[in-house]
Each structure stands twice: as C-alpha cells, then as structure tokens.
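Heads up, the thing below is written out as structure tokens.
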Protein chains: 2
Amino acid sequence: MKTSFDLEKFIEDFSTNCNKVQLKTFSKNETVTSYIKNRNQLCILIKGTADLVRYDLNGNRTIVEHFSKNSLFGEVFYDITTNNELLVEARANCTVLFYIYDDLFQKCKQNCKFHKELAENLPQLILNKVTDLNMRIELLTKRSIRDKLLGYFSLISTRNLSPSFELPFSLTDLADYLSVDRSAMMRELKLLKEDGFIEKSGNRITLNYR
Amino acid sequence: MKTSFDLEKFIEDFSTNCNKVQLKTFSKNETVTSYIKNRNQLCILIKGTADLVRYDLNGNRTIVEHFSKNSLFGEVFYDITTNNELLVEARANCTVLFYIYDDLFQKCKQNCKFHKELAENLPQLILNKVTDLNMRIELLTKRSIRDKLLGYFSLISTRNLSPSFELPFSLTDLADYLSVDRSAMMRELKLLKEDGFIEKSGNRITLNYR
DNA sequence: TATTTTCTGTTGCAAAAGCAACAAATTATT
DNA sequence: AATAATTTGTTGCTTTTGCAACAGAAAATA
C-alpha cells in the first residue's frame, strides 16, 4: 500500500479564511453532491464512506466507485458526456472537503497554509486514486460472475491481510459494484460454497484458496 | 477536452544528461515493457499508439488500456497483485520516455530542465489519465454487449465531432477492449445494423442516433 | 506475385446470466 | 415492542453470451 499523509489530522487543527474551501458533514444516505456538467469541483472525503452511484436509463444502479478516508472525487475526474445521473451518496456519516478552484495545482492568491499543503499532497492522493481505478477495471474485465467474485474477495483478503473478512458492502450493493444481476450473483455464491472455494455466513467470507 | 502541454515538442529540443531518463523507440508489435512487481517505472508515450494487454489464466486477452500521445503508463499506476501478465505492446511505431525515479514529484538533484518541466506538467497528465479510466469504467459497467458498443461508438463519435468514424481498433481488438466474446460482438453488430442504429462498412461506423 | 497469416463474418449449440416473483430473515422506524 | 422497510436467499424460465468451428476477405510476408 502506498503511504499518504493524514488529511484528517491536518484538517482538525486547520482554520483558514480561504473562501475557496468548504467543510461539510453528511449523515448516512444523504446525497453529498451530484456531478454537474461544466462545473469542476474537487472533493476530498475526510471521514466516513461514500459511493459514487449511477442510475442508467434501464433502471440499473451501478456503484461506480467506493470512497473511504482520503478518497478524491468530483467532476475534475470525470468527463460528463452521458445523460446518466451521477450521485455521491454517504454510506456512513461523512466529513467532506469541497474545493472550488481556478487551477487545481496552483496555490491560491492568499497562499494560505491549506493550499500549500494540498498542492504538496494532491499528486500522491491522485496516484492512489489511479491505482484504485485500475483495480476496478481489472475486476470489471473479468468475464464471469465467478471470476469477478473471486477477484474481489482476493483483493479484500489481501488488503485485510486475512483470508476471512466482513464485506464492506451489502450483497445488494456488491452486485451493483460488480455490475451483475443480484440473483445471479447469489446463485454463484452458493455454487462457490458448494465447490468449496469459500465459506460464507452472513456477510463474512472465508477463502479456501490462497 | 482538457488541454495539456506538448511533450513531443518539448522532447524534440531537449537534451539532458540526467541519467534517470531514457528515450527509446519501438516498431509495431514490439513489447514496450512488461509490468514487474516491486519496480515503479513511469513511462510517457511521446509518439505512436500502444496497448496495455493482459493475458489471464483462461487464455483470454484483454486490452486494459489504449494509449496515444501523452498517455502515461507503468507500474506507478498499478498495484500488481495478480499473477496475470501485463504487457505494453506497440500498435504503431512508438517513442517512449522511461523515467526511473526516486520520488515522482520531486525534482532530481541536478535540478535539470527536464525534471522541472515534468514536475510542472505531470499532474495535469495524470488527471487526463483519470478521466480516461473513468470513461473506461463507465463502458465496462454497461450490462449488455449492445450497450457497450453503443456507449463506445458514442464516445468516439463525440471525440471526432462526427457521427461517422473509423474504428481505432480492429474488431478483434475491440472485443478484447470491451471484454466480450468476438463472435458474440459480431452478432450484436449485425443486429445493430438490422435495427437501424448504425451503418457499417468495414471498420467505418456511422451512427443513426445522436 | 505467391503464400502464409491474420481478421472478418457466420452459425448451431451449450453455458451463463438476467428477469421476475416470492418467502424468510434482518434491520430500521414508529 | 410492533410495524414497516430493506436485504437475503431461492427458483423456473427466458434471453444473452460464450464457444467452437469454418469459409472468405484482407493484410502481411517471403
């Protein structure tokens, strides 16, 4: 895992009069922001978890990204070309920093402490985001539900340094994240149990493969 | 589209004695690099086109990313957790800049012109990469081959500012890029023609929807 | 230019995934 | 504690996708 500085710590003892920065809190299930064409917001999740969710024309819901502490989101990272609605929804109580900027990597005119720190650390945070996106692509390019599940489990297991873990999603959300039908996914989970690949009780999974 | 500085122009009249930078050329179908665990190379495609390709255990080939001028690649952007082979293959004659770095965003000790310029421009190039990856995810999360094709076509069409365009891939490669079976994709293309969504002659597609 | 290789286009059949509907279990709300 | 809402688990049926195999076209190579 790549290291990154502790933004939360930094924010805590941070008081700025910089008018380009806003700190807001959200409670579970609230909409944090929706992506709007021709705006270019940058947001940093300081605390909590949230999802970027898309609802398409067929009524399918997709969890496009899953955010936790230090995750970046906002239109800066997205070319909004489609008519799909893109919403960021709080999964737990959240603290989010909104950054309205002229030039993302330029220090603001006041040259305030916040902008200085941000400019220094943003590149690494973005790099973390890129590796996250690449892992997501690796999952999505797998051809079967089985391979998607196994790939996802193996990922979480590696992160937790344990073959046994609680899913960070409900099973309903996991299906939306892997972009597959929920009932088909449930069926495949059952088969994975029957074939001895995994053990499962509730949302706790134990892997029987390395 | 986001703007970015012209790296090719910059490289042309660039001569450095910085020992951390290498410029190499490749001809079509040559392997530019393969991703190696515990190395952290950063590469910039100065000229040409190339693909990041993965071969999985089932023998499936996936085009993970498609690179053109100014694209970034290398292990910096990838957590190599799987046993899958990841190769960058030149699709056309290429010029690639390899950057062996200690700290990606730190100027090198010699404080050479190249590192200065790169440090200034890298963040924007990375941001472009992030929006590319997000578009790719949007495509891959579409549930049917039909929607993937239509989404992809609409993307290319928007980029080219025209409802008619040559595919930048062979159809075989397009299937590997959309992560679907080639023959199933061909069948769907035929249906799209029959249903009047597209016209197709060879690798030229014309869209009949906006 | 002849020959080999790759790519396109097609099809029948098999396997996988999606859809719809519902009951049971769990969690949230009043 | 009672009720409502959401999530889990399951299944029969339908549709979509994948697989395999092959012929013709196009492109690359000798």
Side-chain angles (χ1 to χ4, degrees), chain A residues 27-30 51 53 56-63 89-93 139-151 166-195 197-205, chain B residues 27-30 51 53 56-63 89-93 139-150 166-195 198-205:
Chain A
S27 40
K28 193 175 171 178
N29 293 326
E30 267 192 283
D51 292 330
V53 176
D56 73 14
L57 306 163
N58 310 324
N60 287 315
R61 170 178 178 271
T62 305
I63 297 182
E89 297 171 352
R91 283 293 149 256
N93 293 356
L139 278 183
L140 290 171
T141 52
K142 297 201 185 282
R143 307 297 174 105
S144 62
I145 294 184
R146 171 166 292 214
D147 282 351
K148 282 178 181 158
L149 284 170
L150 291 178
E166 289 287 330
L167 290 173
F169 283 126
S170 74
L171 293 171
T172 306
D173 284 354
L174 181 56
D176 290 344
Y177 182 73
L178 298 178
S179 203
V180 298
D181 179 71
R182 185 190 63 85
S183 67
M185 189 192 80
M186 296 299 286
R187 180 166 39 207
E188 202 55 46
L189 276 172
K190 198 168 68 171
L191 292 175
L192 280 172
K193 268 196 293 187
E194 284 171 19
D195 293 352
F197 283 96
I198 64 167
E199 271 141 57
K200 169 173 180 305
S201 78
N203 282 27
R204 169 160 291 275
I205 306 280
Chain B
S27 41
K28 195 175 170 179
N29 292 327
E30 268 193 283
D51 292 330
V53 177
D56 74 14
L57 306 163
N58 310 323
N60 288 314
R61 171 178 179 270
T62 304
I63 296 182
E89 296 173 350
R91 284 291 148 257
N93 294 356
L139 278 183
L140 289 170
T141 52
K142 297 202 185 279
R143 307 297 174 104
S144 62
I145 295 185
R146 172 166 289 217
D147 282 350
K148 281 178 183 158
L149 284 170
L150 291 179
E166 288 288 329
L167 291 172
F169 284 127
S170 72
L171 293 171
T172 306
D173 285 354
L174 181 56
D176 290 345
Y177 182 74
L178 298 179
S179 205
V180 297
D181 179 71
R182 186 191 63 85
S183 66
M185 188 191 82
M186 295 298 287
R187 180 168 34 211
E188 201 56 45
L189 277 172
K190 197 167 71 169
L191 293 174
L192 280 171
K193 269 195 293 187
E194 283 172 20
D195 294 352
I198 64 167
E199 270 141 58
K200 168 174 180 304
S201 77
N203 282 27
R204 167 160 295 272
I205 306 281

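Hydrogens, waters and symmetry mates play no part in the numbers below; they use all other heavy atoms, side chains included. So that the names make sense, note that chain A is the first sequence line, chain B the second, and so on, each numbered from 1.
Donor-acceptor pairing under 3.5 Å, judged by distance alone, is present between the side chain of A/S183 and the base of C/dA20. The base of C/dA17 is not paired with the side chain of A/S144 by any donor and acceptor separated by under 3.5 Å.
For A/D56, there are no side chain to side chain donor-acceptor pair (under 3.5 Å) partners two or more places apart in sequence or in a different chain. By the side chain to side chain contact (heavy atoms under 4.5 Å, CB included) test, A/L139 pairs with A/Y152, A/Y177, A/L178, sequence neighbours left out. Checked against side chain to side chain donor-acceptor pair (under 3.5 Å), B/S27 has the following partners two or more places apart in sequence or in another chain: B/E30. For A/K193, the side chain to side chain contact (heavy atoms under 4.5 Å, CB included) partners are A/I198, A/K200, not counting sequence neighbours. The side chain to side chain donor-acceptor pair (under 3.5 Å) test applied to A/R182 returns no partner, not counting sequence neighbours. Shown here are the side chain to side chain donor-acceptor pair (under 3.5 Å) partners of A/E89, two or more places apart in sequence or in another chain: A/Y55, A/R91. With sequence neighbours left out, A/D181 forms a salt bridge (charged side-chain N to carboxylate O under 4.0 Å, His left out) with no residue at all. Taking the salt bridge (charged side-chain N to carboxylate O under 4.0 Å, His left out) definition, one finds that B/R204 meets it with B/E166, sequence neighbours left out. Considering only residues two or more places apart in sequence or on other chains, B/D173 meets the salt bridge (charged side-chain N to carboxylate O under 4.0 Å, His left out) condition with B/R61.
D/dA5 atom P lies 15 Å from atom CG of A/N29, rounded to whole Å. Rounded to whole Å, the distance from CG on B/L192 to P on D/dT16 is 12 Å. In this structure, CD of B/E89 is placed 15 Å from C1' of C/dT6, rounded to the nearest angstrom. Distance, B/K190 NZ to D/dT16 C1': 15 Å, rounded to whole Å. B/D147 has its CG atom 9 Å from the P atom of D/dT17, to the nearest Å. Atom-to-atom, CG of A/L167 to P of D/dT7 comes out at 14 Å; the value is rounded to the nearest Å. Atom NZ of A/K148 and atom P of C/dG18 are 7 Å apart (whole Å). In this structure, B/K142 places its NZ atom 15 Å from P of C/dG18, rounding to the nearest Å.
The residue among B/N60 and A/N203 whose nearest nucleotide of DNA chain D is located toward the 5' end is A/N203. Between A/D173 and A/R143, the residue anchored closer to the 5' end of DNA chain D is A/D173, taking for each the nucleotide with the nearest heavy atom. Residues B/F169 and B/A184 each lie close to DNA chain C; by heavy-atom proximity, the contact nearer the 5' end of the strand is made by B/F169.
One finds the CG atom of A/L174 at 11.5 Å from the NZ atom of A/K148 (value rounded to the nearest 0.5 Å). To the nearest 0.5 Å, the span separating OG on A/S144 from CG on A/L150 amounts to 8.0 Å.
Sorted by residue number, the members of residues 174-182 of chain A with any non-hydrogen atom under 4.0 Å from DNA chain C read A/V180, A/D181.
Among the nucleotides D/dT17, C/dT8, D/dT7, the one closest to the side chain of B/T172 is C/dT8. Picking from C/dC7, D/dG9, D/dG18 the nucleotide with the shortest atom distance to the side chain of B/I145 gives D/dG18. For A/R187, the side-chain atoms get nearest to C/dA17 when compared with the rest of C/dT8, C/dA17, D/dC19.
A/K200 has no side-chain polar atom (N or O) that falls below the 4.0 Å cut-off from OP1 or OP2 of D/dT8.
With axes fitted over five pairs at each extremity, the angle between the ends of the helix from C/dT1-D/dA30 to C/dT30-D/dA1 is 60° (10° resolution).
When atom types are taken as modelled, the side chain of A/N203 and the backbone of A/P168 share no donor-acceptor pair closer than 3.5 angstrom.
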Extract from the structure each pairing of a protein N or O with an N or O of nucleotides 27-30 of chain C at less than 3.5 Å, listing the distance.
none

